[in-house]
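Quantities reported herein were computed from a predicted structural model and do not represent experimental measurements. Whatever order the structure lists ligands and atoms in, that order sets their numbers, starting from 1.
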Amino acid sequence: MLVAVPAALSGNELAEVRRLVLSGAWEDGRATAGKQSELAKRNLQLKAECPDAQAAGEIILAALANNGLFMSAALPKRVFPPFFNRYDADSGHGFDNHVDNAIRYLPDRSDRIRTDLSATLFLSDPDSYDGGELVIEDTYGEHAVKLSAGDLVLYPSASLHRVEPVTRGSRVASFFWIQSMVRDDGQRTLLLEMDAAIRTLATNLGDKDPAIVSLTGTYHNLLRRWADC
Ligand SMILES: O=C(O)CCC(=O)C(=O)O
Ligand SMILES: [Fe+2]
């Protein structure tokens with residue numbers, strides 16, 4: 001399922017990430033593309049080894065580790081170090097339909113993760129560019145996602161998706177993958193919905209209500225069945 005995480009970065013974090021990213025060294029995005037997506041990908045990417053990219057990535061990872069909605073939706077086992085991309089209207093940038101590679105190696109190839117969830121963290125104000133929607137297909141059809149700067153979208157890595165050509169300005173974003181403790185998207189969705197419902201009930205009835213205690217137990221017992229830590 002698609003989950004929008006509003007204000008994944010605070011105003012200060014966003015300003016610092018943008019400052020670091022805009023001063024970094026950009027290269028052709030095809031440097032990290034698989035064989036098939038190489039044909040679809042037209043953008044620029046910050047070099048993974050660039051210290052500014054690494055510093056910006058650490059700010060993002062620290063913010064997400066403290067974000068209840070992100071943690072509940074992704075149930076992360078491992079988060080790939082964030083990459084950064086840029087689509088410029090002048091260069092006709094966009095990214096045609098593709099499915100992300102199932103296995104991603106870290107830039108130094110020391111390790112690999114299974115990609116269960118893909119994330120885009122928008123870093124440009126939507127008013128500053130035209131086009132650039134992230135279009136994600138699921139069983140309900142196509143969803144065009146264009147969020148405020150600092151907002152993040154999480155979607156299953158198994159989805160077909162594309163970035164529409166940018167026709168004015170530049171779209172800068174961070175993108176990365178997550179290996180979840182719960183591999184199956186349907187199970188993860190049920191857990192997220194249950195967690196959200198328990199939180200709402202707890203606000204209305206209080207944490208000590210016996211039904212809340214029981215449902216919280218059921219949440220954890222499902223997680224215990226399905227999680228792989
Ligand atoms: O720029 C985006 O929002 C997504 C990028 C993407 O799909 C990818 O790099 O595989
Ligand atoms: Fe992708």
Side-chain angles (χ1 to χ4, degrees), residues 1-6 8-9 14 17-18 21-22 24 26-48 50 53 56-57 60 64 70 73-74 79-89 91-107 112-126 128-138 142-180 185:
M1 109 162 167
L2 254 69
V3 181
V5 179
L9 295 183
L14 175 63
V17 166
R18 275 173 158 169
V21 166
L22 293 177
W26 295 90
E27 65 180 347
D28 190 317
R30 284 172 295 190
T32 61
K35 261 200 162 27
Q36 193 245 331
S37 62
E38 199 176 281
L39 304 171
K41 192 172 186 183
R42 297 179 312 282
N43 67 5
L44 297 176
Q45 242 170 248
L46 266 193
K47 290 188 175 186
C50 154
I60 293 170
L64 294 177
F70 174 83
V79 184
F80 199 87
F83 279 148
F84 297 88
N85 62 18
R86 196 174 98 203
Y87 301 80
D88 293 334
S91 311
H93 285 159
F95 199 156
D96 300 335
N97 267 340
H98 65 282
V99 173
D100 293 341
N101 282 2
I103 308 292
R104 294 289 320 199
Y105 283 82
L106 297 188
R112 62 196 170 185
I113 72 163
R114 185 187 65 232
T115 57
D116 295 322
L117 287 159
S118 301
T120 292
L121 171 59
F122 291 79
L123 296 174
S124 299
D125 289 318
S128 69
Y129 63 98
D130 288 334
E133 293 83 0
L134 172 63
V135 179
I136 302 160
E137 273 189 21
D138 66 13
E142 287 193 344
H143 308 275
V145 183
K146 184 170 183 175
L147 301 178
S148 299
D151 292 1
L152 174 141
V153 64
L154 270 176
Y155 57 101
S157 299
S159 333
L160 192 67
H161 60 279
R162 66 178 180 273
V163 177
E164 296 287 21
V166 170
T167 55
R168 177 183 62 91
S170 289
R171 171 199 193 266
V172 178
S174 173
F175 67 102
F176 51 95
W177 297 275
I178 296 126
Q179 181 170 341
S180 178
D185 185 60

Near ligand 1 (heavy atom, under 4.0 angstrom), the protein residues are N85, Y87, F95, H98, D100, T120, L134, H161, V163, R171, F175
In short, A48 meets F83 closest at the heavy-atom pair CB-CE2, 3.8 Å
Practice item. Quick one: do D100 and T115 satisfy side chain to side chain donor-acceptor pair (under 3.5 Å)? Show the steps, please. Key: CA-CA 8 Å; D100 293 341; T115 57; over 6 Å; no
At the Fe ion (ligand 2), OD1 of D100 and NE2 of H161 open up to roughly (10° bins) 100°
ask   = Any chance CZ of R30 has more than 12 other-residue heavy atoms, nucleotides or ligands included, within less than 6.0 Å?
value = no
- Parallel, tilted or perpendicular: which fits the ring planes of W177 and F80, with parallel below 30° and perpendicular above 60°? perpendicular
Do side-chain atoms of R171 reach the backbone of Y129 as a donor and acceptor pair under 3.5 angstrom?
no
Could you label the plane-to-plane angle of the H98 and F95 rings as parallel, tilted or perpendicular, counting under 30° as parallel and over 60° as perpendicular?
-> parallel
